[in-house]
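Let me begin by presenting the structure, written as structure tokens, before commenting on it.
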Amino acid sequence: MIHERAIKDHNREIRLFFFRLSFAALFVLMLVVLLLWRYYSLQVLHHQDFVTQSENNRIHVLPIPPTRGLIYDRNGVLLADNRVGFSLSLVVERSNNLDELLDKLDQLLDLEANELERFASLLKRRKPYEPVPLRYNLTEQEQGLLAVNEYRLPGVEITAEMIRHYPVGEYLGHVLGYVGRINDQEIRELDPVRYSGTHVTGKSGIEKFYESELMGTVGYEYVETNARGRVMRLLERIDPKPGMDLQLSLDIRLQEIAYNALGEERGAVVVLDTRTGGVLALVSKPGFDPNPFVTGISFADYRALQDSPDQPLFDRAMQGQYPPGSTVKPVFAFGALESGAVSEDTRISDPGFYSLENSIHRYRDWKKGGHGARVDLHDAIVQSCDTFFYTAGVKMGIDQLNHYGIRFGFGKRTGIDLPSERTGIMPSRDWKRGARGVAWYPGDTVNTSIGQGFMLATPLQLAVAASRLATRGEIRSPRLVSHIEGMEDPPTPPAGHIPGTDQHWDYVLNAMKDVVHGARGTAKGIAKGLTYTIAGKTGTAQVVGIRQDEKYDAEQLAKRQRDHALFIAFAPADNPRIAMSIIVENGEHGSSTAAPIARVMADSYLQLYSQEIADAAN
Amino acid sequence: MLQTEYVRRLHTGASGIYSDRSGWQKIHVDIPLVLLLMALAAVGLVVLWSASGQSAYYVKRQGIFLGLGFLVMLTAAQFSPRILQRWAFIPYFTGILLLVAVLFHGADAKGAQRWLDLGFFRFQPSEILRVASPLMLASYLGRRHLPPSVKHMLIALLLIALPAVLVGLEPDLGTALLIFAAGFFVLFLGGLDWRYLCGAVLGAMVAAPVFWFFLLREYQKQRIMTLLDPQADKLGAGWNIIQSTTAIGSGGLDGKGWIQGTQSQLDFLPESHTDFIIAVLAEEFGLVGVVVLLSLYLLIISRGVLISLRAQSMFGRLLAGSITLTFFVYIFVNMGMVSGILPVVGVPLPMVSYGGTSIVTLMLGFGMLMSISTEKKRPG
């Protein structure tokens, strides 16, 4: 070692070291420049990008759902409001392991398959840190269970939210409809921004038709959150604008009276305010309670409703299409007079049937043996003489029948402010060719002339026709909503008039009055004790076809196959305020089952609004 | 004894033989280095206060670590280079033995055996080698002719590779590379032939695919993939890099202000008080803060280079050079990793990141640096 040291060339070694160290130092400097460049690039060149990114990190926009508008009846009775309910939601970012968490929740709460399914679909379209609802409307027991176990359920949140409530339940299920969870199809159609904080949308009825008014405007909270999504502070808040309140022309008292008047029967009652077109009552019985639909009706309950032979989910008033039968006679009577096919002096002989020329086929009158040898139009309406209308109808021809039918609102939507209204059928040559692919036969005209055959109408259309008769041709679309908060009320003058001479109107309306008040009127049974006048027309809609000369035996037919009883009316007859239509399914005769309900409705209306009527008279 | 010697010298100093030696030098304190390290430690504590979420606990503990570190430094400085060179093999081979022990009896942490549990405390033997490996190399090559002969070079390479491979087997690739680097710097400064150097670089390039497919573990591959495309796994491996570059970038030129960094204060930044602390500094003090810190580091490195140049022996030169360069490597790897130009390896930012082990190891190195710096001039 000493030897080695002795021969070491110190200077050479030091020079070598200096050189190597200088080289290393240069390398160090290059790397320092590289680092500086990198930090310069991040902090100066791309500064703005990173500022944006850091703001996005930190600031979250939380939507605040608006409160849905309330719905009142015409007298301010609350029909739809919002109540606080508690939901179980999960924030995925805060749960350590989602599957594990769902397992634990399943053990606690027994999650249902459809809840998990819905949760999975909501999960796909969530925003970061957004609570995804798993179960709505927690019971107190469930809330307690969750509170006790909160510590081992990271990511679980109990959120309060407004849940729609319908205090009158089944009385208005069809009219109000209901709100429900936004489904996959709706999510594509709804504005994602507007609905960012809202989980429900109107599914049917008023709730659907007036969705945009009821919905309101979403508000926002700009909050600063930390990396775990915890809100650290509120930066800015834009309050949501609640939806507009709606006032209906509907009177919930009349609605309940009509609903109860139907008793155990299935059927529909429509009551319109003749002066405004406002809907006073719109009943389809049986109804359904919309409340379970709001938070998601259970599959079993839904099946029960769906499978019930009484079809409670079916809105008979707007979607039920029935042959209008004899209730259409005043309309065709007016048409016959106006078109000149029949005059006030026209009389026919009724042997109890009608046959087309060169045909032996007998179109039977409902009254075996007929209505006598000298039946005029007045008698034909009052006694509902089919033979007269067969004769008049054939004389008018289908084109004229169709023309007047359309004028009174048959065969097209009434334009009521509800979704899913059906059109019924006002048959014509074109219609038959299009729908059936065959030509119009004279026999079709015969059937149409008494509202049978192809002709179909909804109870709502019948009420509209009754209203047009009552107002001597004022054309109005029926309306449920009379006032929208913060908006001008829609105008009430009629949209048009059915042209007609006063003499013809007088003639037809007078005959309708005699249906109730005349000695031979088909609805004279309801005239007893009347202190005012009612004009009406009975009708019977065949459910099953009856063969030629076969005796119709109601006793033999099963209840479900019996005829539907129909009645249209307006009251008071001289100064009409309400027009209505009533259908009692399998009620057999309009006179016996449907007409009494009209009496109840007219009595109730005139009693409830006696003060208003008296004030108007002065 | 030191104290008495110091007092005695003070009386005779003016006319003594060692008149060029100040009092500080006698107790082996390099004033510029100590002052720079203290400044660095102060900066570190300021940043740590913010990075830890204003935690007095962390700052207090870090203060204790730093105090301990300075004590270790002063103690290490008292061992003269001669003694260090003579006894270098003891820490080296002790470290090797402990590494072997770790491979068989180490405590498992995240699938890697790194810790040796001694009952009362756990430590990583690889930390010893960070200092012991360059010490051993400098000791060996300091006695040889330079540039080294092929035989000496091969022995040196063996001495470098042995601890690196053992640490790599744990597996702790980051530390293994740093230990390798520390030893390698000695060999390089000692005059490793350029031809071998170039050959080794070429060899490494050829070996890289072999490493990738046969030796790297899945998480190591993932780290490298993450570096290439952090957006590929935003919430997983890429999260750290995305958040740290966001923190750095959003800091801008002059930063968001102390304790005002949203990335760090709202916990978006992972490991903000340890490995990623530079991102906190960059976010809150901006590029200005980064430049100030880097300047402090460069001054320390300059001092290290100066000490190395002035060293009295080749052992001193080699060791001082290696310690200084290794110090820089830590800085570069950490700042490069946090800013997204290097893969994520667990390297703390020297003297600033929270953690006692790193500080003590570093200060041990600086202690030896001071020992070299204050060595008595040798005659001739």
Side-chain angles (χ1 to χ4, degrees), chain A residues 1-2 4-5 7-10 12-60 92-93 128 224-233, chain B residues 143-147 185 188-192 235 239 242-243 245-256 261-263 265-270 278 282-283 286-288 290-291 294 297-298 301-302 305 308-309 311 314 317-318 320-321 324-325 328-329 331-332 335-336 339-341 380:
Chain A
M1 200 161 138
I2 288 165
E4 204 176 25
R5 190 175 292 275
I7 59 166
K8 273 177 89 159
D9 184 341
H10 273 275
R12 184 165 165 262
E13 286 191 0
I14 287 173
R15 256 184 282 119
L16 172 72
F17 175 80
F18 281 10
F19 174 72
R20 287 295 172 104
L21 192 61
S22 309
F23 182 86
L26 202 68
F27 201 67
V28 165
L29 278 178
M30 276 166 52
L31 291 180
V32 166
V33 168
L34 175 66
L35 276 183
L36 279 175
W37 170 252
R38 176 62 179 173
Y39 280 76
Y40 176 79
S41 160
L42 290 175
Q43 300 196 281
V44 177
L45 299 183
H46 295 105
H47 176 54
Q48 270 317 316
D49 302 345
F50 287 113
V51 166
T52 311
Q53 200 172 328
S54 116
E55 292 295 280
N56 287 348
N57 255 350
R58 155 178 101 91
I59 296 172
H60 282 97
V92 178
E93 279 81 357
E224 186 177 87
T225 60
N226 69 6
R228 286 174 298 281
R230 185 179 298 279
V231 173
M232 306 304 277
R233 65 194 165 113
Chain B
R143 294 191 192 100
R144 304 290 181 269
H145 284 294
L146 295 179
F185 287 141
F188 172 77
L189 293 172
L192 175 66
L235 293 176
W239 169 268
I242 291 172
Q243 296 307 332
T245 49
T246 302
I248 295 167
S250 63
L253 199 62
D254 52 358
K256 298 176 183 173
T262 55
Q263 284 287 107
Q265 301 306 323
L266 296 171
D267 301 335
F268 287 100
L269 196 64
I278 183 72
E283 184 184 24
L287 187 59
V288 172
V290 173
V291 169
L294 213 49
Y297 280 137
L298 278 181
I301 289 164
S302 305
V305 169
S308 175
L309 291 175
M314 189 50 74
R317 288 183 202 104
L318 292 176
T324 307
L325 290 177
F328 174 73
V329 167
I331 297 162
F332 179 74
M335 288 181 69
S339 64
I341 52 174

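Chain letters run A, B, ... following the sequence lines, proteins first, then strands; residues in each count from 1.
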Which of A:Q48, A:H46, A:H47 passes side-chain contact (heavy atoms from CB on, under 4.5 Å) with A:F50? It is A:H46
Roughly how far, to the nearest 0.5 Å, is [atom2] of [Y] from [atom1] of [X]?
X: B:L189; Y: A:R20; atom1: CG; atom2: CZ; result: 8.0 Å
X: A:L16; Y: A:L21; atom1: CG; atom2: CG; result: 11.0 Å
X: A:H60; Y: A:E55; atom1: NE2; atom2: CD; result: 12.0 Å
X: B:I278; Y: B:M335; atom1: CD1; atom2: CE; result: 4.0 Å

Shorter than 4.5 Å, heavy atoms on both sides: which option in [options] has the most such pairs with chain A?
options: B:A282, B:G190, B:G321; result: B:A282
options: B:L309, B:V305, B:L298, B:L253; result: B:L309
options: B:L318, B:T324, B:I301, B:T245; result: B:T245

Which region of [X], side chain (C-beta onward) or backbone (N, CA, C, O), has a non-hydrogen atom less than 4.5 Å from a non-hydrogen atom of chain B, or is it both or neither?
X: A:V28; value: both
X: A:R58; value: both
X: A:F27; value: neither
X: A:I14; value: both

Notebook entry, point to check: Any sub-3.5 Å donor-acceptor pair from A:Q43's side-chain atoms to B:L287's backbone N or O?
Noted result: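 Confirmed, A:Q43 side chain pairs with B:L287 backbone.
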For this session: Decide side chain to side chain contact (heavy atoms under 4.5 Å, CB included) for B:S250 and B:E283; before the verdict, give the C-alpha distance in whole Å, the side-chain angles of both, and the deciding distance to 0.1 Å.
Result: CA-CA 6 Å; B:S250 63; B:E283 184 184 24; 4.0 Å; yes
Applying a strict 4.5 Å limit to non-hydrogen atoms, the region of B:F328 in contact with chain A is side chain
Turns out that what part of B:I248 lies under 4.5 Å from chain A's heavy atoms comes down to both
Q) Looking at A:V32, A:L45, A:L29, A:V44, which one has more heavy-atom pairs under 4.5 Å with chain B than the rest? A)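 Option with the top pair count is A:V32.
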